[in-house]
Amino acid sequence: MTPTTRARQYWLVKSEPDSFSFDDLLASPNRTTCWDGVRNFQARNFMRDGMRLGDLVFFYHSSTDPAAIVGIAEVARESYPDHTAFDRKDSHYDPKSKPDAPTWMMVDLRAREALRTPLTLADLRGVKGLEKMVLLQKGSRLSVQPVTAKEWEIVCRLAGL
DNA sequence: GCCAACGTTGGC
DNA sequence: GCCAACGTTGGC
């Protein structure tokens, strides 16, 4: 039996540009990086159970002025153990995560393109059809979050894509 | 720098 | 299983 092809899904990941920016991703070998350091169960579950090869991802800069969606990436490798959790010297070290039973997972992300003009939070707020976007919910802190196909389309149109 | 909102931890 | 305390996130 042929495996059913699943419709492409859409995501958004947050990063503080001071620690890792979209430019850093563009400058990475093969424009690809492993998305390590996620230490939140819900975010992990989205990476582990949701993200599939070829899914598209908005790259969002948080804790910066202005916070904004700045680029588009794609899932280049599906989830595998986040080895930084095993590294005592790493700031994301988690002694509860063991190589034979890893708690934390990561994916690889590859940059596709930067937005010519970043879309700030202010740009996105109030846009029809984005009312329920996870990013725009009050108190939303999820660093890996799903985006619906409709939201994806609306944001891309705003970005002139 | 402030602080609201949230997730996690741990005592009970 | 509850919930207070704590640490972190992230917009402003």
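In this text, all values refer to a predicted model and were calculated from it rather than measured experimentally. Chain letters run A, B, ... following the sequence lines, proteins first and then strands; every chain starts at 1.
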| task | Using a 4.0 Å heavy-atom cut-off across all strands, classify A/Asn40 as base, sugar-phosphate, or nothing. | result | sugar-phosphate
| From the list B/dC6, C/dG10, B/dT9, which nucleotide is the closest neighbour of the side chain of A/Lys96? | B/dT9
| query | A/Arg141 side chain: which of B/dT8, C/dG11, C/dG10 is closest? | reply |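 Nearest listed nucleotide: C/dG10.
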Would you say [X] places a side-chain N or O within less than 4.0 Å of OP1 or OP2 belonging to [N]?
X	N	result
A/Tyr60	C/dT9	no
A/Lys14	C/dG10	yes
A/Lys138	B/dA4	no

| query | Mind checking whether A/Phe22 and A/Phe59 have parallel, tilted or perpendicular rings, split at 30° and 60°? | reply | perpendicular
How many Å lie between [atom1] on [X] and [atom2] on [N], as a whole number?
X	N	atom1	atom2	result
A/His61	C/dC12	NE2	C1'	19 Å
A/Leu136	C/dT9	CG	C1'	16 Å
A/Leu121	C/dT9	CG	C1'	13 Å
A/Leu135	C/dG11	CG	P	7 Å
A/Leu142	C/dT8	CG	P	18 Å
A/Asp94	C/dT8	CG	C1'	15 Å
A/Trp104	B/dT8	CH2	C1'	10 Å
A/Glu16	C/dG11	CD	P	9 Å

| message | Using the rule given for side-chain hydrogen bond (donor to acceptor under 3.5 Å, both in side chains), can you reason through A/Arg141 versus A/Ser62, listing the C-alpha separation, both sets of side-chain angles and the distance that settles it, and then say yes or no? | response | CA-CA 10 Å; A/Arg141 310 189 322 189; A/Ser62 64; over 6 Å; no
| task | Check whether any side-chain heavy atom of A/Leu161 sits under 4.5 Å from a side-chain heavy atom of A/Ile72, and report yes or no. | result |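 Result yes, sub-4.5 Å side-chain heavy-atom pair found.
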| field | With A/Trp104, the ring-ring contact (aromatic ring centres under 6.0 Å, His included) member among A/Phe41, A/Phe86, A/Tyr80, A/Trp35 | value | A/Phe41
